[in-house]
Amino acid sequence: MTDETVPSDIPTSRMLSWARNSTVYRLERRMMTEKQLFDAITRKAKEKFEGISAAQLKAVADFAVKFAYDNKVLDDHAYAEVSTRSAVRGGKSRRAIAQKLAAKGISSDKVEAALEEADDLYAAAIFARKRAFGPFRRVELDEKRKAKELSAFARNGFSFDIGRKVFEMSFEDAEEVILAGRSLSPQHQRS
């Protein structure tokens with residue numbers, strides 16, 4: 001047995017090499033936030049390295065995050081923007097998007113910046129179309145159905161005014177809102 005005097009709070013070169021490879025592996029497959037990467041590396045390092053100290057875990061995860069930033073493959077601002085655009089196109093409200101981004105560790109200023117372009121009316125129209133509510137309804141409207149639809153808008157983070165506006169729209173007006181929202185999205189501006 002060698003007489004190594006390496007403090008247990010400093011990660012080994014093997015740990016750092018693993019962290020670098022694991023970071024590349026994860027970020028090649030999907031976009032992640034800083035918090036998601038930090039948590040994933042911490043969780044996997046606990047499984048991989050028996051007897052790893054808490055200080056080593058933190059150092060390995062910090063190394064992985066720094067490595068990702070140094071190689072420009074980790075960007076919470078870009079993550080927030082991409083996620084917001086995708087969520088709006090999926091019919092998610094600004095409020096629901098903000099909660100999801102905050103849960104993923106995105107700072108409030110980055111969340112606010114990403115939500116600047118989000119259009120709740122467009123998202124609510126998409127939501128209504130997906131759920132066959134309001135102008136997209138295929139069944140007769142009764143009081144029970146009306147309450148169900150309006151409460152679904154509220155539960156999904158839309159304001160009462162937005163929910164009611166979409167609920168009362170004609171089919172043509174709703175389609176116009178959706179088409180207008182699509183024409184403003186970045187991928188349609190490039191064409």
Side-chain angles (χ1 to χ4, degrees), residues 23-24 26-42 61-62 64-137 146 148-191:
T23 299
V24 169
R26 289 170 198 300
L27 293 175
E28 277 181 342
R29 277 145 188 80
R30 70 180 180 104
M31 226 176 162
M32 298 178 96
T33 66
E34 179 180 325
K35 180 184 183 309
Q36 286 176 314
L37 178 62
F38 186 93
D39 292 348
I41 295 294
T42 301
D62 285 340
V65 168
K66 183 182 179 325
F67 173 77
Y69 274 121
D70 290 349
N71 288 284
K72 296 178 179 25
V73 291
L74 191 64
D75 183 350
D76 280 0
H77 181 71
Y79 182 95
E81 287 182 348
V82 168
S83 293
T84 298
R85 280 194 305 270
S86 176
V88 167
R89 285 191 312 266
K92 302 289 184 214
S93 68
R94 292 169 56 97
R95 184 176 298 139
I97 296 167
Q99 288 173 341
K100 187 169 186 171
L101 291 174
K104 290 182 181 272
I106 305 286
S107 65
S108 59
D109 60 318
K110 289 179 180 150
V111 170
E112 283 178 36
L115 289 174
E116 283 177 7
E117 301 296 316
D119 180 358
D120 256 2
L121 183 61
Y122 170 75
I126 295 288
F127 176 75
R129 186 174 66 186
K130 286 173 81 174
R131 300 281 297 268
F133 286 170
F136 303 99
R137 188 179 312 107
K146 180 179 179 180
K148 176 184 176 181
E149 290 184 19
L150 288 173
S151 62
F153 280 110
R155 278 192 313 276
N156 285 278
F158 295 106
S159 70
F160 180 76
D161 291 338
I162 294 280
R164 179 169 289 290
K165 188 172 187 175
V166 172
F167 177 83
E168 293 174 350
M169 277 183 181
S170 69
F171 178 82
E172 292 76 19
D173 289 344
E175 283 293 316
E176 195 173 303
V177 165
I178 291 171
L179 287 173
R182 279 190 183 143
S183 67
L184 296 175
S185 69
Q187 77 236 38
H188 289 90
Q189 290 175 349
R190 283 182 241 144
S191 0

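Residues: numbered from 1 along the sequence shown.
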Worksheet item: Distance from T42 atom OG1 to L37 atom CG, nearest 0.5 Å?
Response: 8.5 Å
Discussion item. Among residues at least two apart in sequence or on other chains, which ones pass side chain to side chain donor-acceptor pair (under 3.5 Å) with K35?
Written reply: D39
Discussion item. Among residues at least two apart in sequence or on other chains, which ones pass side chain to side chain donor-acceptor pair (under 3.5 Å) with R131?
Written reply: none
Check: [X] side chain, [Y] main-chain N or O, donor-acceptor pair, under 3.5 Å:
X	Y	answer
S86	V82	no
T33	G105	no
K104	Q36	no

Do [X] and [Y] have side chains that approach each other closer than 4.5 Å (heavy atoms only, starting at C-beta)?
X	Y	result
D62	F38	yes
V88	E117	no
S93	N156	no

Identify the heavy atoms of [X] and [Y] that sit nearest to each other, and give their distance.
X	Y	result
A125	V177	CB-CG1, 4.1 Å
V166	A128	CG1-CB, 3.7 Å
G134	E149	N-OE1, 2.8 Å
T23	A64	OG1-CB, 3.1 Å
I162	A124	CG2-CB, 3.5 Å

Counting only pairs under 3.5 Å, give me each side-chain donor-acceptor contact of residues 94-102, with atom names and distances, residues two or more places apart or in other chains.
unit_1, atom_1, unit_2, atom_2, d
R94, NH1, L115, O, 2.4
R94, NH1, A118, O, 3.2
R95, NH1, G157, O, 3.4

Item to complete: Would you please test E176 and L179 for side chain to side chain contact (heavy atoms under 4.5 Å, CB included) and show each step?
Response: CA-CA 5 Å; E176 195 173 303; L179 287 173; 5.8 Å; no
Fill in: Any pair counted as ring-ring contact (aromatic ring centres under 6.0 Å, His included), so long as it reaches residues 156-178, sequence neighbours left out
F127-F158, F136-F171
Discussion item. Quick test of your reading: applying salt bridge (Lys or Arg N to Asp or Glu O under 4.0 Å), list the pairs with at least one residue in residues 152-168, sequence neighbours left out, ordered by first then second residue.
Written reply: R164-E168
Can you name the side-chain contact (heavy atoms from CB on, under 4.5 Å) partners of [X], sequence neighbours left out?
X	value
S108	none
R29	Y25
S107	D109, K110

Discussion item. Here's a test for you: under side-chain contact (heavy atoms from CB on, under 4.5 Å), which of E172, M169, R129 qualifies with P135?
Written reply: M169
Item to complete: I would like to know whether M32 and L27 meet side chain to side chain contact (heavy atoms under 4.5 Å, CB included); could you show each step before the answer?
Response: CA-CA 7 Å; M32 298 178 96; L27 293 175; 3.8 Å; yes
Side-chain donor-acceptor pairs under 3.5 Å in residues 66-78, sequence neighbours left out?
unit_1, atom_1, unit_2, atom_2, d
K66, NZ, D70, OD2, 2.7
Y69, OH, E34, OE1, 2.7
N71, ND2, F67, O, 2.8
D75, OD1, H77, N, 3.1
D75, OD1, A78, N, 3.2
D76, OD1, E34, N, 2.8
H77, NE2, E81, OE2, 2.8

